[in-house]
Amino acid sequence: MLRNIFKTTFRSFSKNKTVSFINVIGLGVGLATCILMLLFIWDESNYDKHHAHGESLYRLAVTFSEGKSASGPAPMAEAFKTEFPEILQSARLLKYPMLESMLLTYEANGSTEIFNEPHGYYVDATFFDVLTYKFVEGNSKKVLTEPNTMVLSATLANKIFGERNPVGEIIQVGLPEGNFEYTVTGVFEDADLHSHVNGRYFLSISNSDIGEYVKGETS
């Protein structure tokens with residue numbers, strides 16, 4: 001039965017090669033398009049699924065006369081938490097203005113290594129109370145409670161320190177104002193991490209570089 005079907009199909013294709021070719025190509029393109037669309041939808045729907053209380057997380061946005069922005073003044077986070085008792089915790093995330101990457105300098109055994117790394121953010125000590133990250137080194141509840149501390153992704157930690165535990169090591173963060181020392185206090189796992197916050201390293205917002213500016217904004 002199947003043999004006869006294949007024979008009939010082959011004969012039909014042989015007699016109408018042009019039409020058959022167009023049909024096969026169209027079918028292939030259609031299937032490929034559907035598969036790509038499904039993969040795209042699946043990938044997009046997997047973002048930020050690792051947060052323990054994702055359904056209760058909200059990112060504030062501000063409407064200006066020119067349009068909307070997913071940012072706001074520094075005092076807003078604490079003000080909202082104070083004014084609305086249903087808000088259990090808040091955290092701020094800040095990218096250094098007009099700076100796409102920072103120079104991370106590590107000195108050890110008489111040698112100096114410099115890494116030009118993007119995706120660095122300043123965050124509150126409460127950042128890891130709000131968002132869930134799996135830490136392989138350090139305590140997520142304490143990693144950024146001290147000034148001038150930082151946490152690294154496992155990928156970045158391996159790039160800078162290799163297999164060694166980086167907790168307690170000093171990294172100099174290069175900014176337009178100069179170099180500032182930060183102590184590594186933790187490492188978080190970033191393998192297969194799908195998040196719209198694409199941080200490779202997070203620095204305490206309480207620090208000796210832009211910390212005074214942030215305090216001025218919050219006063």
Side-chain angles (χ1 to χ4, degrees), residues 43-44 47-48 50-51 59-61 69-74 77 91-128 130-138 140 143-218:
D43 182 70
E44 289 293 305
Y47 271 75
D48 296 312
H50 59 285
H51 300 306
R59 183 174 181 178
L60 293 180
S69 173
S71 63
R92 297 169 298 177
L93 180 143
L94 171 67
K95 191 171 180 63
Y96 193 98
M98 307 300 291
L99 196 65
E100 291 302 319
S101 61
M102 301 180 186
L103 292 179
L104 306 184
T105 303
Y106 175 64
E107 298 180 0
N109 301 321
S111 63
T112 301
E113 294 185 272
I114 301 176
F115 304 87
N116 186 25
E117 294 295 330
H119 309 308
Y121 296 89
Y122 294 95
V123 296
D124 283 315
T126 57
F127 182 76
F128 296 109
V130 176
L131 303 183
T132 305
Y133 284 77
K134 180 182 178 182
F135 273 75
V136 294
E137 299 290 350
S140 62
V143 286
L144 297 179
T145 53
E146 296 296 324
N148 285 71
T149 51
M150 68 186 302
V151 299
L152 309 174
S153 67
T155 300
L156 183 57
N158 183 263
K159 179 180 178 180
I160 299 176
F161 299 97
E163 297 299 322
R164 291 179 291 117
N165 184 350
V167 173
E169 298 289 345
I170 303 296
I171 290 179
Q172 287 190 355
V173 178
L175 299 173
E177 294 85 358
N179 293 325
F180 300 87
E181 290 189 348
Y182 279 77
T183 303
V184 179
T185 54
V187 177
F188 62 90
E189 184 59 66
D190 62 329
D192 301 320
L193 184 66
H194 285 70
S195 176
H196 77 286
V197 180
N198 59 346
R200 287 170 57 86
Y201 55 102
F202 297 101
L203 306 102
S204 59
I205 209 166
S206 174
N207 53 62
S208 57
D209 43 274
I210 67 168
E212 292 303 313
Y213 165 77
V214 174
K215 287 180 181 178
E217 288 291 309
T218 58

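The residues of the chain are indexed from 1 along the displayed sequence.
Counting only residues at least two apart or in different chains, salt bridge (Lys or Arg N to Asp or Glu O under 4.0 Å) contacts with residues 114-127 comprise Arg92-Asp124, Glu117-Lys159, Glu117-Arg200.
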Listing, residues 101-110 side-chain donor-acceptor contacts under 3.5 Å, not counting sequence neighbours, or none:
from   : atom 1 : to     : atom 2 : distance (Å)
Ser101 : OG     : Asn116 : OD1    : 2.8
Tyr106 : OH     : Arg164 : NH1    : 3.4
Tyr106 : OH     : Glu169 : OE1    : 3.1

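Residues meeting the side chain to side chain donor-acceptor pair (under 3.5 Å) test with Ser195, sequence neighbours left out: Asp48. By the side chain to side chain contact (heavy atoms under 4.5 Å, CB included) test, Pro176 pairs with Tyr96, Leu99, sequence neighbours left out. When the side chain to side chain contact (heavy atoms under 4.5 Å, CB included) test is applied to Glu100, the partners found at least two apart in sequence or on another chain are Lys95. Take His194 and apply the ring pair (Phe, Tyr, Trp, His ring centres under 6.0 Å) test, not counting sequence neighbours, and it matches Tyr47. Residues passing the ring pair (Phe, Tyr, Trp, His ring centres under 6.0 Å) test with Tyr121, sequence neighbours excluded: none. Not counting sequence neighbours, Tyr201 has no partner by the ring pair (Phe, Tyr, Trp, His ring centres under 6.0 Å) test. Evaluation of the ring pair (Phe, Tyr, Trp, His ring centres under 6.0 Å) rule for His51 yields no partner, not counting sequence neighbours. Under the side chain to side chain contact (heavy atoms under 4.5 Å, CB included) criterion, Asn158 pairs with Glu163, sequence neighbours left out. Residues forming a side chain to side chain contact (heavy atoms under 4.5 Å, CB included) with Asn179 (at least two apart in sequence, or on another chain): Gln172. Residues passing the side chain to side chain donor-acceptor pair (under 3.5 Å) test with Ser208, sequence neighbours excluded: Asn148.
Asn207 has its side chain out of reach of Val173: every pair of non-hydrogen atoms, C-beta onward, lies at least 4.5 Å apart. In this structure the side chain of Phe135 reaches within 4.5 angstrom of the side chain of Val151, judged on heavy atoms. Glu137 is listed as a side-chain neighbour of Asn165, based on a closest heavy-atom distance under 4.5 Å. Taking the side chain as every heavy atom from C-beta outward, Ile170 and Thr183 approach each other to under 4.5 Å. At least one side-chain heavy atom of Ile171 sits less than 4.5 Å from a side-chain heavy atom of Phe161.
Note that OG1 of Thr185 and CZ of Phe202 are 12.5 Å apart. Values are rounded to the nearest 0.5 Å. Summarising the geometry, atom CD1 belonging to Ile210 is positioned 8.0 Å from atom CG belonging to Leu175; distances are rounded to the nearest 0.5 Å. Leu152 contributes atom CG, which lies 9.0 Å from atom CG of Leu203 (distance to the nearest 0.5 angstrom). Asp209 contributes atom CG, which lies 7.0 Å from atom CD of Glu177 (distance to the nearest 0.5 angstrom). In this structure, the separation between CG on Leu193 and NZ on Lys134 is 11.5 Å, given to the nearest 0.5 Å. To the nearest 0.5 angstrom, Asp192 atom CG is 12.0 Å from His50 atom NE2.
A tilted orientation is assigned to the rings of Phe188 and Phe128, their planes being inclined by 30° to 60°.
A distance-only check finds no donor-acceptor pair linking the side chain of Ser204 to the backbone of Pro147 [under 3.5 Å]. Formation of a donor-acceptor pair under 3.5 Å by the Ser153 side chain with backbone atoms of Leu156 is found in this model.
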